[in-house]
Amino acid sequence: MTETVLLCDCLGSQRIDRDRLTEGSGRPCSEVATHLCGRQSGRVAEALRAGGPVTVACEQERATFEALADDLEVDPPALVDLRDRAGWSDDPRDVSPKQAALLADAALVAPLPRLLDVESGGTCLVIGASEVAVPAAERLSGTLAVTCLLTDAADPPDTRAFDVIHGRLRRATGSLGRFEVAIDGFREVIAGGRGTFDLTAPRDGAASACDVIVDLSGEAPLFPAHEKREGYLRADPGRPAAVFDVLWEASQLTGTFEQPVFVALEPAICAHSRARQTGCTRCLDACPTGAIVPDGDHVAVDPHVCAGCGACSSLCPSGAISYDAPPVAHVMRRISTLASTYRRAGGVRPRLLVHDEGHGREMIDLAARHGAGLPADVIPMAMPALAAFGHAEALAARASGFADVSLLLAPRSDRATLAQEAELACAMDGPAALRLLDVADPDALPGALGDGPGAAPEPMLPMGSRRQVARMAAKALTAGAMTPLPEHAPYGAVLVDQDACTLCMACVPHCPSGALADNPDKPQLLFQEEACLQCGLCETICPEDAIRLEPRMNAGDDALSQTVLNEEEPFHCVECGKPFGVASTIERITEKLAGNHAMFANPQAVRLIQMCDDCRVKSQMHDGMLSGPPKPLPRTSADYGQPEDAVQVPKRGKKRKI
């Protein structure tokens with residue numbers, strides 16, 4: 001079916017060149033309308049009736065177009081905002097390349113995220129002092145099965161519409177539909193009797209489960225990053241409006257809900273630990289909700305607790321955790337499409353502005369409607385999770401041809417992770433790699449973006465994993481130079497003190513990426529810098545403390561091949577001459593044990609140290625501790641005084657000769 005892209009200049013308030021947009025974006029665009037949401041809405045209805053894919057270049061009137069599609073009983077049109085993000089601007093330069101880039105980006109369909117079903121039966125725990133918690137429980141009791149945990153010593157109310165308990169909440173875990181709580185000093189109402197209800201004797205360690213928690217205690221939140229914990233609703237008890245909003249939200253949390261699985265996990269390449277020695281903890285340290293926990297040599301992610309902030313994906317050195325809603329590959333494709341379409345439509349030196357769907361989009365809309373709007377060369381790109389845009393994505397944008405990359409922070413952005421990733425990107429490329437804009441005034445946004453640098457790098461196509469893209473981009477941007485990096489960088493070298501290293505190879509089997517290897521034919525410790533994650537496991541495990549790490553980006557081709565960190569001559573077996581082991585180690589052991597240890601007082605025992613494995617076993621079998629008396633010969637009939645050809649055959653309990 002033929003696609004239809006409906007353009008509108010919004011009552012003549014923006015410039016739109018239909019031919020330039022069609023040629024630049026590769027999408028067939030209609031004649032430019034003036035009032036698609038009003039007197040020209042028939043054009044939209046006609047396109048929807050035709051049955052093909054329809055895209056309307058207006059997001060402000062989403063409700064209008066969806067209502068029109070509903071009346072026609074057809075699918076609603078796709079929407080793309082060309083006005084606020086490109087059309088409304090005081091910049092006199094041509095905006096067609098930018099509009100074409102946004103139009104091409106809108107045509108990219110993100111893979112649907114994986115979904116989890118979350119069941120909530122409506123069991124609710126309300127926590128707080130009696131003056132606030134009891135009225136809240138009364139309001140919710142009509143729709144939810146409520147238990148009210150009173151934190152003060154007030155008598156329980158004279159009602160059985162909901163359960164009332166006293167106690168101190170010691171621990172709470174879980175999320176919507178699967179909370180578990182532990183309560184000390186637990187007392188519950190004794191039903192029956194005349195007068196005020198009595199309470200049971202207090203006891204510690206009472207455990208229970210619920211689907212929703214409404215926290216009106218006014219105390220510290222029960223969870224880290226509590227605003228991201230689904231099913232946990234918290235309000236200041238001194239603000240009636242906030243309490244009302246929380247109670248309304250809680251009343252809606254009954255039924256089956258779909259929750260996206262935000263990240264993908266590949267445990268096999270996780271560099272968290274080996275042999276009970278801890279290596280990389282980047283994701284564990286950054287996760288705001290505590291959804292990531294150690295699980296043996298790797299980590300595990302609780303998808304019910306994960307809020308999809310994306311910090312773990314940016315920080316993971318191996319790619320064991322990657323953002324999956326949408327996948328990293330889709331983000332890279334969007335970056336490349338925006339840059340290439342802008343150039344194809346005649347633009348030069350584009351700049352990228354990354355923002356979130358909430359705060360950032362509103363800032364751009366307000367700047368366009370009431371201020372100067374975005375510059376004509378600044379292309380906005382919305383991300384579902386800002387922290388998922390790390391150094392690899394920034395370098396991919398630079399290598400795709402963007403002159404600079406800026407990220408507009410939101411009030412609840414993970415500033416620590418973003419600052420760390422910006423520092424790393426700038427160390428690998430320069431100050432244009434990733435700038436963080438902490439701007440709260442829409443009028444100040446255009447000025448914060450600046451005028452931009454004078455040149456953009458030669459574009460390349462970002463392909464592969466985040467790590468591969470970052471290395472390819474660094475090579476293109478720095479011409480293969482060696483660049484020192486911050487301490488937290490996931491790229492670098494392993495340096496070995498050759499005087500201290502005994503070539504025990506303890507580091508080799510514990511290297512999670514295979515950057516360290518041994519030579520089966522010679523005592524050599526080999527290293528491939530491109531594969532090193534700087535996880536620190538080799539440094540931790542080395543018994544001689546001979547290893548240290550050097551964060552750096554070696555963008556040259558030599559990083560892809562193995563180099564020798566340390567090597568020695570092998571020792572030759574004194575029995576067969578076969579090379580084995582390390583000469584200095586064998587000589588040192590021989591010197592320490594010969595004549596100085598009871599087990600090696602015999603020269604033959606010392607000689608065993610200097611034999612290869614095969615000769616050592618043979619020597620032990622014939623002359624050593626494994627040797628014994630000669631093996632006895634097998635017995636024959638002659639040993640019993642009978643002819644050698646005689647055979648005893650039992651028959652009817654008697655023996656006879658054959």
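This is a predicted model, so every value here is computed, not measured.
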In the structure I gave you, are the side-chain heavy atoms of [X] and [Y] within less than 4.5 Å of one another anywhere?
| X | Y | answer |
| --- | --- | --- |
| V494 | C538 | yes |
| F262 | P260 | yes |
| Q99 | Q14 | yes |
| L284 | P294 | yes |
| C280 | P317 | yes |
| S336 | P462 | yes |
| M472 | R467 | no |
| L233 | I213 | no |

Review point. Taking it one step at a time, do D438 and R415 satisfy salt bridge (charged side-chain N to carboxylate O under 4.0 Å, His left out)?
Key: CA-CA 10 Å; D438 196 356; R415 282 168 163 73; 3.0 Å; yes
Study note, to complete from the structure: Applied to residues 468-486, the salt bridge (Lys or Arg N to Asp or Glu O under 4.0 Å) test, sequence neighbours excluded, yields K475-D557
Exercise for review: Enumerate the residue pairs fulfilling salt bridge (Lys or Arg N to Asp or Glu O under 4.0 Å) with a member in residues 420-432, sequence neighbours excluded, ordered by first and then second residue.
Suggested key: R398-D429
Approximate separation, where rounding is to 0.5 Å, of [X] [atom1] and [Y] [atom2]:
| X | Y | atom1 | atom2 | value |
| --- | --- | --- | --- | --- |
| H355 | L437 | NE2 | CG | 12.0 Å |
| R344 | T337 | CZ | OG1 | 8.5 Å |
| M553 | L395 | CE | CG | 8.0 Å |
| L537 | C542 | CG | SG | 12.5 Å |

Backbone N/O of [Y] and side chain of [X]: donor-acceptor pair under 3.5 Å:
| X | Y | value |
| --- | --- | --- |
| R282 | S314 | no |
| Y232 | L222 | yes |
| E539 | G536 | no |
| R351 | P375 | no |
| R20 | A345 | yes |
| Y323 | A264 | no |
| E258 | L115 | no |
| S561 | D558 | yes |
| S313 | A388 | no |
| D324 | P327 | no |

Exercise for review: Give every residue pair that meets the ring-ring contact (aromatic ring centres under 6.0 Å, His included) criterion with at least one member in residues 464-491, sequence neighbours excluded.
Suggested key: H391-Y491
Practice item. Can you run down the ring-ring contact (aromatic ring centres under 6.0 Å, His included) pairs that involve residues 79-101, sequence neighbours left out, and say none if there aren't any? Key: none
Identify the two heavy atoms, one from [X] and one from [Y], that lie closest to each other, and give their separation to 0.1 Å.
| X | Y | value |
| --- | --- | --- |
| A172 | F223 | O-CE2, 3.3 Å |
| A311 | T417 | CB-OG1, 3.7 Å |
| L386 | L409 | CD1-CA, 4.4 Å |
| K228 | P288 | NZ-CG, 4.0 Å |
| L79 | C58 | CD2-O, 3.4 Å |
| V496 | C501 | CG1-CB, 3.7 Å |

Charged N to carboxylate O below 4.0 Å: is that the case for [X] and [Y]?
| X | Y | answer |
| --- | --- | --- |
| D365 | R85 | no |
| R171 | E180 | no |
| K98 | D377 | no |
| K522 | E567 | yes |

Residues that [X] engages under side-chain hydrogen bond (donor to acceptor under 3.5 Å, both in side chains), provided they are two or more places apart:
| X | answer |
| --- | --- |
| D356 | none |
| Q259 | none |
| S400 | none |
| D545 | none |

Exercise for review: For F257, check ring-ring contact (aromatic ring centres under 6.0 Å, His included) against everything at least two apart and list the hits.
Suggested key: none
May I have the list of side-chain donor-acceptor pairs in residues 502-518 shorter than 3.5 Å, sequence neighbours left out?
residue: T502; atom: OG1; partner: E544; partner atom: OE2; Å: 3.2
residue: H510; atom: ND1; partner: A506; partner atom: O; Å: 2.7
residue: S513; atom: OG; partner: A531; partner atom: O; Å: 2.7

Exercise for review: Report the C-alpha separation of L353 and I364 in whole Å, then their side-chain angles, then the decisive distance to 0.1 Å, and conclude whether the side chain to side chain contact (heavy atoms under 4.5 Å, CB included) test is met.
Suggested key: CA-CA 10 Å; L353 174 62; I364 292 172; 4.2 Å; yes
[Y] and [X] side chains, donor-acceptor separation under 3.5 Å:
| X | Y | value |
| --- | --- | --- |
| R369 | Q60 | yes |
| R435 | S406 | yes |
| R27 | T55 | yes |
| S89 | D91 | no |

Practice item. Show your working on side chain to side chain contact (heavy atoms under 4.5 Å, CB included) between Y342 and V348 and close with a plain yes or no. Key: CA-CA 7 Å; Y342 185 88; V348 294; 5.6 Å; no
**Study point:** side chain to side chain contact (heavy atoms under 4.5 Å, CB included) partner of L565, the single match among I547, L495, L525
**Key:** L525
Review point. Between E529 and R552, does a salt bridge (charged side-chain N to carboxylate O under 4.0 Å, His left out) hold up when you go through it step by step?
Key: CA-CA 10 Å; E529 184 167 343; R552 69 187 191 188; 2.8 Å; yes
Would you tabulate the side-chain donor-acceptor contacts of residues 100-107 under 3.5 Å, counting partners in other chains and residues two or more places apart, or write 'none'?
residue: D105; atom: OD1; partner: R334; partner atom: NE; Å: 2.9
residue: D105; atom: OD2; partner: R334; partner atom: NH2; Å: 3.0

Review point. What pairs of residues pass the side-chain hydrogen bond (donor to acceptor under 3.5 Å, both in side chains) test when at least one of them lies in residues 290-310, not counting sequence neighbours?
Key: R178-D302, S273-D297
